[in-house]
There are 2 protein chains.
Amino acid sequence: MPQEPEPLDADHLHFWSFIDHAVDRVSRELPGIDPLAMRLVLTFHRAANMLVYDLESAVHRPRGWSWPGFRVLFAIWLSGPVEAKKVAELSGMSRAAVSALVNTLERDGLVSKERASYDGRAVQLGLTEAGLHAITTAFQAHNAREQEWAGALSEDEQRTLIELLGKLTAHSAHFDVRHRT
Amino acid sequence: MPQEPEPLDADHLHFWSFIDHAVDRVSRELPGIDPLAMRLVLTFHRAANMLVYDLESAVHRPRGWSWPGFRVLFAIWLSGPVEAKKVAELSGMSRAAVSALVNTLERDGLVSKERASYDGRAVQLGLTEAGLHAITTAFQAHNAREQEWAGALSEDEQRTLIELLGKLTAHSAHFDVRHRT
DNA sequence: CCCAATTAATCAAAGCATTGATTACATGCG
DNA sequence: CGCATGTAATCAATGCTTTGATTAATTGGG
C-alpha cells in the first residue's frame, strides 16, 4: 500500500512549519537532494505568492483592474507610443498575453491601438487620457503597498536582497533557462 | 494630448535596463514614491516570474503536468492522507483551486479521494501508487533544476536570501496582508 | 429536540496564462 | 520582379485561479 494512514500527524503541520517539515523529510528520504536549494526555492515561491496575492487583492482588484493589466499600462506609460512586441519584452509577458490584455484595456478605454505607418504588421500602443490617469493613480497606491512590504527590511537589507535577486536572474543566463518568446 | 510620441527613445529600452529606467523616471515624476521599495518589488517579481516559468517549462510541462499539480501532490505526499482543506493551507492555494486540481489529478490516477468517516463534509486525499512514483520522480528533477538556480549564489548568500525572504513574509502579518481563505 | 449558524467542498463565470496554428505584411535572394 | 523566408499579431484550445453562490453536513444555543 502506498501510504500509512496518519491523519493525527498531519494536524500538527501548518503553513509556517510546512517548509521545515518538507526539507527534513525529503532530504532524509530521497538521494541527491540539495536541502538548501530546496528551502531557497520553497521560501522564494511562497514569498512571491504572498506578495502577488496581496498587491493584486489590496491594490488592483478593488480598482477593477488586475496586476497584469497594470504591468502593461506601466510599460506603455514608460515607453509609449510603443509596439506590442516591445511591451511584451519589457513586461516579461508573451506576445499573446499582451495581445489579450490590450484588448480588455482598449475596451475599458485606457489604451489606444493603431497600425504602425512604417510597418503594416506592427501595432502602436499608447495611453489615453483615462489610461494616463489610471496608471499614475494606481501606481501611487501600488507603491504605498510596496513600502509596507519593504518596511520589513532595513535599507541595507533591501539593497542586499535586490543584489542577491539580481545575481539569481543574471546567473540564469548560464544554464539555458527557458524564457518566453 | 496625453503623450509625446517618442518611438526612437523606446528602442533603447530593453529587458535588463527597464527597471533602471522605470525607477529613475517614476521617482522624478511622481511625489511620495519610495524608489528602493519600487526597485525591490520589480526585481523580486521579475525573478519570481523567471523562476516559475523555467521550472514549469523545463521540469513539469515536459512530463505532462504542471507546477500547481506538483504542489498538490507534494503536500499530500508529506501529510497524507489529509483533508483537502489542509492541502490548501499547506500549499498556499484556495480551496477551490485545490478542488479543481484534485479533479484532474484523480482523473490521471495520481490521487485517491474519499469522504471522511468522521465528518461527512470532508474529503480525505491520498496518493495512489502512480502518484507516489510521480511525485518522487518529479521531485528529483525539480530539485536538480533548483540546484541550477541556487548555483548562482554561495551557501552564505543562499542563507542570507532565505533569511531576508523570511523576514518579508513574517513582517506581512503586521499590516493585515491579504491572504487566501 | 430543533433550528440557526458554521463549515467543507464544489460549482459557475470570468480573467490571465500557455502553446501552436493562422493571417498579413515585409524583406531579400535569384 | 517574384517567390521563399521571416516576422508581428491574433486566434483557438486548454489549464489554473479568483470570487461569490450553492449544497451538504456538523454544531450549538434556546
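Just so it is clear, the values below take in all heavy atoms, side chains as well, and ignore hydrogens, waters and symmetry mates.
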Roughly, in whole Å, what's the span from NE2 in B:His60 to C1' in C:dA17?
17 Å
Nearest whole angstrom, please: distance from the P of D:dA8 to the CG of A:Leu125.
14 Å
Side-chain contact test, heavy atoms from C-beta onward, threshold under 4.5 Å: evaluate it for B:Trp67 versus B:Arg61 and give yes or no.
no
How does protein reach along nucleotides 21-28 of chain D, written 5' to 3' as B (base within reach of a heavy atom under 4.0 Å), S (only sugar-phosphate), or - (no contact)?
----BS--
Between atom NZ in A:Lys85 and atom P in C:dA26, what is the gap in whole Å?
16 Å
For A:Ala84 and A:Tyr53, take the nucleotide of DNA chain D holding the closest heavy atom to each; which residue's nucleotide lies nearer the 5' end?
A:Ala84
Any side-chain heavy-atom pair from B:Gln124 and B:Tyr118 closer than 4.5 angstrom?
yes
Regarding B:Asn143 and B:Glu146, is there a side-chain donor-to-acceptor distance under 3.5 Å anywhere?
yes
Under 3.5 Å, which protein N or O atoms sit close to an N or O of nucleotides 11-17 of chain D? Give each pair with its distance.
from   : atom 1 : to      : atom 2 : distance (Å)
D:dC16 : OP1    : B:Ser66 : OG     : 3.3

By side-chain contact (heavy atoms from CB on, under 4.5 Å), which residues pair with B:Asp119, not counting sequence neighbours?
B:Arg121, B:Ala122
Please report, rounded to the nearest Å, how far the C1' atom of D:dT10 is from the CD atom of A:Glu83.
15 Å
What is the ring orientation for A:Phe18 with B:Phe74, classed by angle as parallel under 30°, tilted 30 to 60°, or perpendicular over 60°?
perpendicular
Sorted by chain and number, sequence neighbours left out, ring-ring contact (aromatic ring centres under 6.0 Å, His included) with A:His171 holds for A:His174, A:Phe175
Distance-only criterion, 3.5 Å: show the donor-acceptor pairs between side-chain atoms of residues 95-111 of chain B and protein atoms not counting sequence neighbours.
from     : atom 1 : to       : atom 2 : distance (Å)
B:Asn103 : OD1    : B:Lys113 : NZ     : 3.1
B:Thr104 : OG1    : B:Leu101 : O      : 2.9

Using OP1 and OP2 only, check whether a side-chain N or O of B:Arg95 sits under 4.0 Å from C:dA9.
no
A:Glu155: what forms a side chain to side chain donor-acceptor pair (under 3.5 Å) with it, not counting sequence neighbours?
A:Arg159
